[in-house]
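Working notes, beginning with the structure itself.
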Amino acid sequence: MKPLSELNYSPAELMIINASRLLRDGDVVFVGVGQPNLACNLAKRTHAPNLVMIYEAGVIGAEPGRLPLSIGDPTLVSGALSVVSMYDIFTNYLQRGNVDVGFMGGAQIDKYGNINATVIGDYAHPKVRLPGSGGSQEIAAWASRCYIMAPHQKRRFPQKVDFMTSAGFLNGRKERTDIEMRGEGILAVVTDIGILEPDKSGEMILTQLHPGKTYQDAKDNTGWKLKSSEKVSSTNQLTDKELDILRRELDPTGTYLN
Amino acid sequence: MKPLSELNYSPAELMIINASRLLRDGDVVFVGVGQPNLACNLAKRTHAPNLVMIYEAGVIGAEPGRLPLSIGDPTLVSGALSVVSMYDIFTNYLQRGNVDVGFMGGAQIDKYGNINATVIGDYAHPKVRLPGSGGSQEIAAWASRCYIMAPHQKRRFPQKVDFMTSAGFLNGRKERTDIEMRGEGILAVVTDIGILEPDKSGEMILTQLHPGKTYQDAKDNTGWKLKSSEKVSSTNQLTDKELDILRRELDPTGTYLN
Amino acid sequence: MTKLTSLSDAISTHIEDGDLIYAAGFTHLIPFAAGHEIIRQNFRNLVLARATPDLIYDQMVAAGCARKVIWSYMGNPGVGSLRIIRGAVERGDLEWEEYSHYGMITRLQAGASGLPFLPMNQVGVQDLEQVNPLIKRIPDPYGGKDVIVVPALNPDVAIVHVQRADENGNAHLWGIIGEQKEAAFAAKKVILTAEEIVDESVIRSDPNRTIIPDIIVDAVCHVPFACHPSYAQGYYDRDNEFYLEWDKVSASADAVNAWLEKWVFRINDRSEYERNLGEATINRLKVKPLMSKSINYGDY
Amino acid sequence: MTKLTSLSDAISTHIEDGDLIYAAGFTHLIPFAAGHEIIRQNFRNLVLARATPDLIYDQMVAAGCARKVIWSYMGNPGVGSLRIIRGAVERGDLEWEEYSHYGMITRLQAGASGLPFLPMNQVGVQDLEQVNPLIKRIPDPYGGKDVIVVPALNPDVAIVHVQRADENGNAHLWGIIGEQKEAAFAAKKVILTAEEIVDESVIRSDPNRTIIPDIIVDAVCHVPFACHPSYAQGYYDRDNEFYLEWDKVSASADAVNAWLEKWVFRINDRSEYERNLGEATINRLKVKPLMSKSINYGDY
């Protein structure tokens with residue numbers, strides 16, 4: 001294996017590969033297109049061959065023959081295990097508790113892992129109107145474990161989101177626990193600096209740093225006073241194999257890697 | 001056409017043929033097996049070629065190649081227009097208001113057309129335990145028009161049913177109207193003596209007699225003081241064609257005709 | 001990951017005395033083989049839920065497996081009474097709980113959805129509501145009439161027979177699909193029996209046909225002819241003669257016991273049952289092929 | 001009874017200014033042809049509901065057809081923003097109403113079922129509930145947590161594109177089936193467009209595939225290639241280049257108007273649109289066949 005310094009990789013590749021490592025063999029994953037799709041397909045081709053990929057469009061066990069360019073790409077359907085209606089996906093699969101992992105994205109992620117994908121500014125008089133929940137409100141509530149991939153930027157990590165589209169730990173872990181939702185919540189935020197995980201109170205703290213990155217880098221790019229765990233470990237370096245699968249097999253045109 | 005006296009026919013044939021005449025071309029009918037199935041298939045082969053037959057097992061537009069012997073006979077499925085789940089049949093079709101006609105049966109039918117298919121005697125300590133509602137509770141409520149076929153017998157037509165499995169006009173038409181259910185209720189009870197229809201109060205009264213039958217016959221075989229309409233008309237006599245289709249095409253072994 | 005196992009192992013592994021069982025299949029694909037295996041393994045105090053108990057629950061009640069039956073239509077379809085269950089209810093020997101078909105399937109749909117309850121519109125009559133305290137009414141928060149609600153039903157085990165499945169439990173079924181999907185998703189465990197075990201590629205050739213996915217299935221058993229005397233669309237016909245015969249057998253306790261001895265206790269499995277039925281019966285129930293037109297998914 | 005008619009007649013007969021329209025299809029089978037016909041016929045004050053408005057509603061809003069949009073994800077899928085709708089909302093020029101996907105589809109499911117509302121489990125966050133008064137919470141009558149409810153959505157007209165239908169409106173569809181069934185059953189009227197009009201015998205060869213029955217359909221239009229730039233599984237691919245191009249076009253009002261002139265107002269129908277697209281594009285979107293395995297229904 002080459003030393004890391006000799007590997008050229010993008011921030012996106014760093015996040016995708018670290019996210020893929022969070023998946024376990026046999027997991028049922030609610031996948032979005034783009035980077036989460038790459039992370040899942042990478043995991044399936046490495047340590048998690050029995051990963052089952054579910055798409056909110058109603059596809060179960062997709063084996064895409066090419067890189068899907070939208071959540072409803074026909075390549076997800078041909079050769080899949082099952083295709084069902086949207087109502088079934090959200091009831092029988094997600095709400096019933098048949099989904100292990102969800103990947104979340106959003107314009108803002110706050111100190112308690114709450115996500116805003118709806119609006120910047122006031123809801124009734126939006127400064128920037130974003131797409132809205134889609135499936136994410138329910139995924140964040142009911143998938144057993146949720147992960148976020150996001151570039152580490154101060155404006156993206158504010159103290160408090162303008163609008164709570166999807167639940168992290170709300171105003172603290174107790175509030176989520178009291179509602180007794182099925183899912184455990186946001187268990188990791190994978191950024192291009194490191195990984196944040198919730199502490200006992202549900203606050204997102206720095207627990208891992210990518211090689212070459214510092215706690216100060218993370219603090220400088222976070223909108224709240226970022227705490228860290230007692231011991232901050234280092235993420236394992238990217239392997240040639242991982243990068244190779246990503247670049248050659250999964251996204252040869254580099255659509256989501258740069 | 002032969003005079004009626006020269007036609008030999010059974011009470012069942014008399015009821016089936018008169019019931020088939022109540023169907024209109026284009027009706028969507030929720031069909032049971034047995035006599036209602038024969039009435040519908042007869043109508044489809046005579047005056048109602050565009051009748052759509054729906055079975056509670058989830059079959060739409062069945063074209064049975066043989067006489068179905070149960071509500072779930074495979075002959076109902078092969079060549080049907082659509083097959084859907086039970087939940088869909090009861091929600092999207094029946095509750096949504098896509099069914100024009102329902103056929104009801106039961107061990108007891110009372111003065112207001114209420115039906116008992118559940119129990120004779122006390123519910124908790126049944127004297128005779130009957131099968132129960134099946135689909136009939138909802139058909140009686142939501143099909144636009146409901147019809148009953150039943151041999152005219154005093155014990156079958158009590159003043160009040162032991163248990164209300166399906167709604168006729170409850171304790172009077174006003175009670176049904178107040179609940180604003182979709183269906184108009186039981187619009188005719190076809191017996192082997194004649195036809196009962198609801199009056200303004202929802203009480204079932206004699207409105208038609210089969211040729212050769214009398215009001216007295218009907219009164220003698222009814223458990224309440226049976227009223228009649230001002231003018232009681234006579235049902236049209238059975239035709240050779242109707243009897244022929246029934247006997248030769250629809251039920252050649254006479255399973256439901258005797 | 002393969003879940004292929006013998007029916008006898010599947011039943012002994014996944015069922016316990018006292019469980020609430022839903023053997024699915026509205027008049028079609030009724031899992032008689034699994035029911036007989038439950039009888040053979042002498043399970044007791046089961047709660048047996050089915051929209052239509054059909055002969056299979058009549059037989060299980062006759063064998064003493066059940067303490068309670070939940071139904072929406074308790075009859076011998078197309079024939080008349082279920083004499084065993086009816087007699088036990090009339091004598092006060094068996095608990096029961098009752099719904100309309102719509103109430104029953106709504107309980108399963110709520111269970112399959114992970115919801116605590118689901119609503120239904122009013123039906124005028126209130127007698128069933130009055131004898132079953134689980135049927136309630138609540139206001140419509142949008143100002144309409146009150147709606148009727150029933151609670152989720154989440155069986156301990158659902159038993160579902162299908163026409164074809166792969167060894168992981170992805171299943172194609174067709175013809176009357178009744179409450180198969182809802183029962184499977186509602187249950188805590190799912191035992192699948194299948195007419196045919198096919199390669200995963202057959203399933204993947206038509207994903208819209210896959211009603212039950214492997215992720216909810218616990219055991220897959222290859223049991224052809226599992227539905228006799230009910231039927232499997234495209235595989236064999238309903239044995240109406242047997243439905244008529246059961247009406248006579250079930251009129252006498254001795255005849256029922258003799259029947260259970262011969263057709264359940266003294267045989268080992270479904271293939272022995274099939275052999276005992278004999279060629280004449282099996283040939284009578286055979287069906288000529290009538291194939292669906294194919295569809296094009298496109299090679300994207 | 002045949003309901004075959006031209007798309008232009010179907011739209012003019014069944015749609016009125018001010019109607020609530022649901023053009024169905026979650027990322028698949030999006031009825032662009034019908035949307036363009038609505039623009040061409042100059043409808044006004046429509047309420048446009050779709051889980052994902054997609055480009056079709058962006059175009060209809062650009063053309064001034066809508067007073068309000070109802071959505072659960074307002075984006076250009078796989079690309080970014082829907083600039084027209086987003087701009088109109090940010091400027092305060094357009095009403096909107098918003099749900100999660102699950103809330104949106106639950107509204108349709110309630111509408112399709114004939115129910116006044118349906119419940120969903122709690123999701124922790126309450127911000128959407130607070131800005132949309134139609135989202136309420138009610139107690140669980142069985143003692144669990146409160147549930148969230150949404151009211152039935154019953155569009156005046158649903159527009160549904162399918163792969164194949166007979167002339168009466170019985171339709172087979174496959175691939176992503178999204179909310180096609182729910183929208184059709186929920187709506188007061190249904191306009192069907194189809195890639196192919198087939199003989200009734202094709203439909204009857206596979207009744208389990210029939211998701212939409214003729215009894216709820218008001219008009220059937222034969223409109224091949226109706227979904228471009230979205231796609232029809234097995235017939236043609238998504239034109240991703242167009243989705244990227246719209247991102248540029250929609251950045252300028254002039255470019256949008258020019259686009260609408262060229263691709264909607266100055267042409268008569270979908271076949272002209274298809275001719276104007278040109279062979280290169282059409283060939284690029286062609287797809288090799290990949291056929292489903294057939295099933296046996298049996299000739300009973």
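First the proteins, then the strands, lettered A, B, ... as listed; each starts at 1.
Atom CD of D:Q109 and atom OG1 of A:T91 lie 8.0 Å apart (nearest 0.5 Å). Distance OH/A:Y87 to CD/D:E182: 9.0 Å, rounded to 0.5 Å. Separation of atoms CD1 (D:I176) and CE (A:M86) is listed at 10.5 Å; rounding is to 0.5 Å. Here D:L108 contributes atom CG and A:S85 contributes atom OG; the two are 11.0 Å apart, rounded to the nearest 0.5 Å. Rounded to the nearest 0.5 angstrom, A:S133 OG and D:M104 CE are separated by 12.0 Å. Put simply, NZ on D:K145 and CD1 on A:I179 are 8.0 Å apart, with the number rounded to the nearest 0.5 Å.
Here D:V123 is the residue among D:T27, D:V123, D:I105 with the most heavy-atom pairs under 4.5 Å with chain A. Comparing D:G78, D:G75, D:S72, D:P77 by heavy-atom pairs within less than 4.5 Å of chain A, the highest count is held by D:S72. Comparing A:H125, A:Q95, A:R129 by how many heavy-atom pairs each has under 4.5 Å with chain D, the most go to A:R129. Listed options D:Q233, D:Q122, D:R86, D:E179 were ranked by heavy-atom pairs under 4.5 angstrom with chain A; first place goes to D:Q233. Considering only heavy-atom pairs separated by less than 4.5 Å from chain A, the leading option among D:Q126, D:K181, D:M74, D:Q130 is D:M74. Note on A:R182, A:K127, A:R176: by heavy-atom pairs under 4.5 Å with chain D, the leading option is A:K127. Ranking A:Y55, A:Y123, A:F90 against chain D, the residue ahead of the rest is A:Y123, based on heavy-atom pairs under 4.5 Å.
Taking all atoms of both residues into account, the shortest heavy-atom contact from D:N240 to A:L69 is ND2-CD1, 3.4 Å. For the residue pair A:I71 and D:F26, the shortest heavy atom distance occurs at CG2-CE2, 4.1 Å. In terms of heavy-atom proximity, A:E138 sits nearest to D:S100 at OE2-OG, 2.9 Å. Of all heavy-atom pairs spanning D:D237 and A:P74, the tightest one is OD1-CG, 3.4 Å. Closest heavy-atom contact between A:P126 and D:W96: CD-CH2, 4.2 Å.
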Verify side chain to side chain contact (heavy atoms under 4.5 Å, CB included) between A:Q137 and D:V125, making sure each step is shown before the conclusion.
-> CA-CA 8 Å; A:Q137 183 180 268; D:V125 291; 3.8 Å; yes
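No part of A:A80 comes within reach of chain D, as not one of its non-hydrogen atoms sits under 4.5 angstrom from that chain. Using a 4.5 Å cut-off between heavy atoms, A:L170 contacts chain D through its side chain alone, with no backbone atom that close. Contact annotation for D:T106: both backbone and side-chain heavy atoms come within less than 4.5 Å of a heavy atom of chain A. Neither the backbone nor the side chain of D:L173 has a heavy atom closer than 4.5 Å to any heavy atom of chain A. For A:E175, no part lies under 4.5 angstrom from a heavy atom of chain D. Heavy atoms closer than 4.5 Å to chain D are found in the backbone of A:S166, but not in its side chain. The part of D:L290 that comes within reach of chain A is its side chain, from C-beta onward, which places non-hydrogen atoms under 4.5 angstrom from that chain. Heavy atoms closer than 4.5 Å to chain D are found in the backbone of A:V84, but not in its side chain. For D:W174, no part lies near chain A; criterion is any non-hydrogen pair under 4.5 Å. Contacts of A:L94 with chain D are absent, with no heavy-atom separation under 4.5 Å from either backbone or side chain. Looking at D:A232, neither its backbone nor its side chain comes within 4.5 Å of chain A, counting heavy atoms on both sides. When heavy atoms are compared at a cutoff of 4.5 Å, D:E90 approaches chain A by way of both its backbone and its side chain. Proximity to chain A (any heavy atom under 4.5 Å) is shown, for D:N121, by both the backbone and the side chain. Only the backbone of A:T165 comes within contact range of chain D, with at least one heavy atom under 4.5 Å from a heavy atom of that chain.
Of the N and O atoms on the side chains of D:E98 and A:T118, not one donor lies less than 3.5 Å from an acceptor on the other residue.
D:D127 contributes no side-chain N or O that, together with a main-chain N or O of A:F163, makes up a donor-acceptor pair within less than 3.5 Å. Looking at D:Y102, its side chain never comes within 3.5 Å of a backbone N or O of A:G134 through a donor-acceptor pair.
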